[in-house]
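Because only heavy atoms are used, hydrogens play no part in the values below, and waters and symmetry mates are left out as well, while side chains stay in.
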Amino acid sequence: MKKHMLKSIFAALLVASLAFSMTACGSDKKPADNASVSDSADAAAPALTDEEYEEAVAGLATEMQDVQTKLSGVDQTDAEAVKAAIEEVKKPFADLAAVTPPEKYADAHAKIKSGCEAMIAYMDGAIALTENASPSEDDVKALTDSLTTAATDLAEGQQLMADAASK
């Protein structure tokens with residue numbers, strides 16, 4: 001049961017990273033070194049410029065493509081390796097959620113932030129389930145709900161961002 005759950009969690013994480021990397025703004029831009037998401041994660045940071053924010057979102061998409069490569073090399077039956085990989089994947093989502101967007105993208109960022117937070121909740125729940133020999137139906141439902149919220153909010157945020165960018 002536990003090995004099957006690890007594989008299911010891992011598969012869902014791969015699908016989520018693939019979905020985000022394929023849809024993020026439809027951008028082919030790579031983040032500029034001076035506009036990285038990590039550098040912008042300070043809570044007191046000023047709002048990013050439009051370009052910096054677009055690059056930060058595109059940076060998450062790029063990181064999610066890299067995550068797919070990393071995750072494909074992890075032994076899905078090794079609970080500790082899976083946990084370590086999931087912990088590593090959380091950082092880009094936390095970094096993006098922490099940025100201060102320009103006013104133009106405030107509504108989009110609210111959705112993207114909600115999606116990032118839901119994705120982190122999914123990953124935290126996934127780690128907790130790997131440690132639980134017999135998770136309850138409520139635990140599994142909460143995990144599924146977090147993943148659904150993450151996917152929905154990230155997609156809606158990306159659409160709001162595309163709409164704002166076209167104005």
For residues 110-120, tabulate all N or O donor-acceptor pairs below 3.5 Å that involve a side-chain atom, not counting sequence neighbours.
unit_1 : atom_1 : unit_2 : atom_2 : d
Lys111 : NZ     : Asp153 : OD1    : 3.4
Lys111 : NZ     : Glu156 : OE1    : 3.0
Ser114 : OG     : Asp153 : OD2    : 2.5

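- Residues passing the side-chain hydrogen bond (donor to acceptor under 3.5 Å, both in side chains) test with Asp124, sequence neighbours excluded: Lys90.
- Of all heavy-atom pairs between Pro101 and Ala47, the closest is O-CB, 3.5 Å.
- Taking both residues in full, the closest heavy atoms of Val82 and Asp75 are given as CG2-O, 3.8 Å, listed atom of the first, atom of the second, then distance.
- Every residue meeting the ring pair (Phe, Tyr, Trp, His ring centres under 6.0 Å) condition with Tyr53, not counting sequence neighbours, appears here in chain and number order: Tyr105, His109.
- At a threshold of 4.5 Å between non-hydrogen side-chain atoms, the residues Thr144 and Thr148 count as touching.
- Sorted by first then second residue, the ring pair (Phe, Tyr, Trp, His ring centres under 6.0 Å) pairs that include residues 148-167, not counting sequence neighbours, number zero.
- Under the 4.5 Å side-chain criterion, counting only non-hydrogen atoms from C-beta, Leu154 is in contact with Phe93.
- For Asp50, the salt bridge (charged side-chain N to carboxylate O under 4.0 Å, His left out) partners are Lys104, not counting sequence neighbours.
- Remark: Asp163 engages Gln159 in a side-chain hydrogen bond (donor to acceptor under 3.5 Å, both in side chains) (not counting sequence neighbours).
- Minimum heavy-atom separation, Pro92 to Leu60: CB-CD1, 3.4 Å.
- In the hydrophobic cluster analysis, where Ile, Leu, Val, Met, Phe, Trp and Tyr join through side-chain heavy atoms closer than 4.5 angstrom, Leu48 is grouped apart from Leu160.
- When all heavy atoms of Ala126 and Leu143 are compared, the pair lying nearest together is N-CD1, 3.3 Å.
- Here Thr62 contributes atom OG1 and Glu55 contributes atom CD; the two are 10.5 Å apart, rounded to the nearest 0.5 Å.
- Under the ring pair (Phe, Tyr, Trp, His ring centres under 6.0 Å) criterion, no residue pair touches residues 134-167, with sequence neighbours excluded.
- Put simply, CE on Met123 and NZ on Lys91 are 12.5 Å apart, with the number rounded to the nearest 0.5 Å.
- For Lys83, the salt bridge (charged side-chain N to carboxylate O under 4.0 Å, His left out) partners are Glu80, Glu131, not counting sequence neighbours.
- Pairs engaging residues 133-146 under the salt bridge (Lys or Arg N to Asp or Glu O under 4.0 Å) rule: Lys141-Asp145 [sequence neighbours left out].
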